[in-house]
**Student:** 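The following block contains the structure, expressed as structure tokens.
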Amino acid sequence: MLIVQKYGGTSVANIERIKAVAERVSKTVKEGHKVVVVVSAMAGETDKLIELSHQVCPDPPLRELDLLLSSGERVTAALTAMALNALGHKAVAFTGRQMGIITDAVHTKARIERIEAKRAIKALEEGYIVVVAGFQGITAEEDVTTLGRGGSDLTAVAIAAALNADLCEIYTDVDGVFTADPNIVSNARKLDKISYEEMLELASLGAKVLQTRSVEFAMKYNVPVVVRSSFNWNPGTLVTKEDKDMEKVVVSGIAHDKNQAKITILKVPDRPGIAAKLFKAIADANIVVDMIVQNISSDGKATDISFTVPKTDAKKAMEITKKVSEELGAEGVLLNEEIAKVSIVGVGMRTHSGVAAQMFEALAKHGINIMAISTSEIKISCLIDAKYTELAVRVLHEAFNLGS
Ligand code: ADP
Ligand code: ASP
Ligand code: MG
């Protein structure tokens, strides 16, 4: 088999861990498999690099920021290849560029356009273990890009798709995908398998165990993904196509996201084209808007519009919104960063009614106010005060009987 194994930050956090990863890869190779290893930077390293950049410049140019950030993964890739050499294996380390990962030019959140894997294919044929620095690529103009936080997951899945690998294993610090973040809910249950769709919702709603785009990619190219721990030999969670068993469960998991900010534009004139103008300006800045709430005005004149954006984009989104707000003659713009989104996810919701009511009741019983709601076929999200996040997750986990 050809297996892609991705090791996250905690799995390569220090030299001891890198040696342990090399042992695990070695074992897989000795079982007769070809292996591509994708590594993250050492835990905390990317945050440290971002911090360094802010020490020299309050608003660093994104092209240079990407060059800086890509270095964390290069360190671990080189060290991992060396550790494999020390174990007697032929191993070669590649940067994103050497791996042929071509992206668009949207720095710090670039999209992979294609992978020119010729060199890696040749190395694999020659019996090398290929070690790839995750999280990075290169534009057509040969500028280094990064793929968004958690982007090494995407590197792994995209390489698995490009090389038509039999399996993509994501090694992390928990045993798999759980019914809620196991670091918040002590009796969260590990799922044996989960559908791509549910995983995609959980990831995009804040369960950082897999990066959202990596799940999108896996679903699109049908890559079988297994999430498991690099600290033990437990079997992990298979992310795969939906099957009949999965539909029986109404709610599969709870996700939470504290990385959103809410912007409210006050008393905007109520006429056609307003929302289009505002959200076009925000989209043009490559900012993804999540929840949007707009009331119909009671007097037919003015109404408030609230929406959420990633916290990292809040400053930029505020600038744009203020500008548009002035052009539209709105009353003002407010920013609230103390919010969180809690969500329930499950393919079984398609065929069950009353799930939303059950969710709202559970939150109400604990005095948690809901600021906004959004739903899709397989998820319901509520925006709440950030200080109730952990409580809300536990309460919902309990209400839907997800514990072990
Ligand atoms: P890595 O560095 O290996 O990429 P991450 O920190 O990105 O690891 O992702 C693993 C973390 O995801 C876990 O430590 C856990 O706290 C968090 N997490 C959030 N939701 C879930 C969930 N539903 N199942 C498992 N882990 C989750
Ligand atoms: N090192 C990057 C991050 O911290 C990418 C990754 O770990 O997947 O976001
Ligand atoms: Mg991660």
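Keep in mind that what you see is a predicted model, and the values were worked out from it rather than measured. Start at 1 and go down the list; that is how both ligands and their atoms are numbered.
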**Student:** Among all protein heavy atoms, pick out the one at the shortest distance from atom 1 (P) of ligand 1; state its residue, atom name and that distance to 0.1 Å.
**Tutor:** Thr172 OG1, 3.6 Å
**Student:** Which residue supplies the protein heavy atom nearest to atom 2 (O) of ligand 1, what is that atom called, and how far is it?
**Tutor:** Gly9 N, 3.2 Å
**Student:** Contact between ligand 2 and Gly150 is defined here as a heavy atom of the residue under 4.0 Å from a ligand atom; is it met?
**Tutor:**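 Contact check Gly150 vs ligand 2: positive.
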**Student:** Suppose we measure from atom 14 (O) of ligand 1 to each protein heavy atom; which comes out shortest, and what is that distance?
**Tutor:**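 For atom 14 (O) of ligand 1, the nearest protein heavy atom is Asp173 OD1, 2.9 Å.
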**Student:** Ring of Tyr128, cation from Lys90 - is the NZ or CZ under 6.0 Å from the centre and inside 45° of the axis?
**Tutor:**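 Yes, a cation-pi geometry.
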**Student:** Quick one: which of Ile274, Ile305, Thr303 gives a side-chain contact (heavy atoms from CB on, under 4.5 Å) with Ile265?
**Tutor:** Ile305
**Student:** When you measure from the side chain of Lys311 to the backbone of Lys258, do you find a donor-acceptor pair of N or O atoms at a distance under 3.5 Å?
**Tutor:** yes
**Student:** Looking only at heavy atoms of Glu45, does any of them come nearer than 4.0 Å to an atom of ligand 2?
**Tutor:**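 The answer is no: ligand 2 sits nowhere under 4.0 Å from a heavy atom of Glu45.
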**Student:** Is there at least one pair of N or O atoms, one from Gly206 and one from ligand 1, spaced under 3.5 Å apart?
**Tutor:** no
**Student:** Going by the side chain to side chain donor-acceptor pair (under 3.5 Å) test, name the single residue among Ser374, Ser204, Ser381, Ser376 that passes it with Ser343.
**Tutor:** Ser381
**Student:** What is the nearest protein non-hydrogen atom to atom 23 (N) of ligand 1, stated with its residue, atom name and distance?
**Tutor:** Phe178 O, 3.0 Å
**Student:** May I ask you to check whether Phe231 and Tyr171 place their ring centres under 6.0 Å from each other?
**Tutor:**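 No, they do not, as the ring centres are separated by 6.0 Å or more.
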**Student:** Of the protein's non-hydrogen atoms, which lies at the shortest distance from atom 7 (O) of ligand 2, and what is that distance?
**Tutor:** Ser40 OG, 3.0 Å
**Student:** Using non-hydrogen atoms of the residue, decide whether Gly151 is closer than 4.0 angstrom to ligand 2.
**Tutor:** yes
**Student:** Identify which of Asp181, Thr10, Ile170, Val177 has a heavy atom lying nearest to atom 17 (C) of ligand 1.
**Tutor:** Asp181
**Student:** Measure from NZ or CZ of Arg24 to the centre of the six-membered ring of Trp233, then state whether that distance is under 6.0 Å and the direction lies within 45° of the axis.
**Tutor:**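 So Arg24 does make the cation-pi contact.
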**Student:** I want to know if ligand 2 touches Asp153 in the polar sense, i.e. an N/O pair below 3.5 angstrom.
**Tutor:**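 Asp153 vs ligand 2: no N/O contact under 3.5 Å.
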**Student:** What about Thr179: any of its N or O atoms under 3.5 Å from an N or O on ligand 1?
**Tutor:** no
**Student:** Below 3.5 Å, N or O to N or O, backbone or side chain included: is there any such pair between Pro182 and ligand 1?
**Tutor:** no
**Student:** Would you say Lys6 contacts ligand 1, with heavy atoms under 4.0 Å as the rule?
**Tutor:** yes
**Student:** Using a 4.0 Å cutoff against the non-hydrogen atoms of Ser152, which atoms of ligand 2 qualify?
**Tutor:**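 Heavy-atom distances to Ser152 below 4.0 Å select 5 (C), 6 (C), 8 (O).
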**Student:** Tell me, yes or no, whether the heavy-atom count around Lys322 atom NZ, taken from other residues, nucleotides or ligands under 6.0 Å, exceeds 12.
**Tutor:** no
**Student:** Please compare Ala188, Ala255, Ala180, Gly176 and report which has the shortest non-hydrogen distance to atom 25 (C) of ligand 1.
**Tutor:**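 Residue with the shortest heavy-atom distance to the ligand atom: Gly176.
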**Student:** Just to confirm my output: which protein heavy-atom neighbour is closest to atom 4 (O) of ligand 2, and how far is it?
**Tutor:**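 Minimum-distance protein heavy atom for atom 4 (O) of ligand 2 reads Arg149 NH2, 2.9 Å.
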**Student:** If you draw the axis of the six-membered ring of Tyr7, does the NZ or CZ of Arg17 fall within 45° of it and under 6.0 Å from the ring centre?
**Tutor:**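 Arg17 over Tyr7 ring: no.
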**Student:** For atom 27 (C) of ligand 1, find the nearest protein heavy atom and state the residue, atom name and distance (0.1 Å precision).
**Tutor:** Val209 CB, 3.7 Å
**Student:** Counting only heavy atoms from other residues, nucleotides and ligands, does the tally under 6.0 Å from CD of Glu31 exceed 12?
**Tutor:**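 Yes, because the 6.0 Å sphere around CD of Glu31 holds more than 12 heavy atoms from other groups.
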**Student:** Where do Asn222 and Tyr196 come nearest, in terms of heavy atoms and distance?
**Tutor:**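 Smallest interatomic distance, heavy atoms only, reads C-OH, 3.5 Å.
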**Student:** Test of understanding: given a 4.0 Å heavy-atom threshold, classify the contact between Glu73 and ligand 2 as side chain, backbone, both, or neither.
**Tutor:**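 Just the side chain.
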**Student:** Would you check, one step at a time, whether the test side chain to side chain donor-acceptor pair (under 3.5 Å) holds for His89 with Ser26?
**Tutor:** CA-CA 8 Å; His89 292 284; Ser26 173; 2.8 Å; yes
**Student:** Decide if atom CE of Met82 counts as having more than 12 heavy atoms of other residues, nucleotides or ligands within a radius under 6.0 Å.
**Tutor:**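 No, the 6.0 Å shell around CE holds no more than 12 heavy atoms from other groups.
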**Student:** Short N/O distance, under 3.5 Å, between Asn183 and ligand 1?
**Tutor:** yes
**Student:** Give the residue, atom name and distance (to 0.1 Å) of the protein heavy atom nearest atom 7 (O) of ligand 1.
**Tutor:** Lys208 O, 3.4 Å
**Student:** Do you know the tightest heavy-atom contact between Val38 and Ala156?
**Tutor:** CG2-CA, 3.9 Å
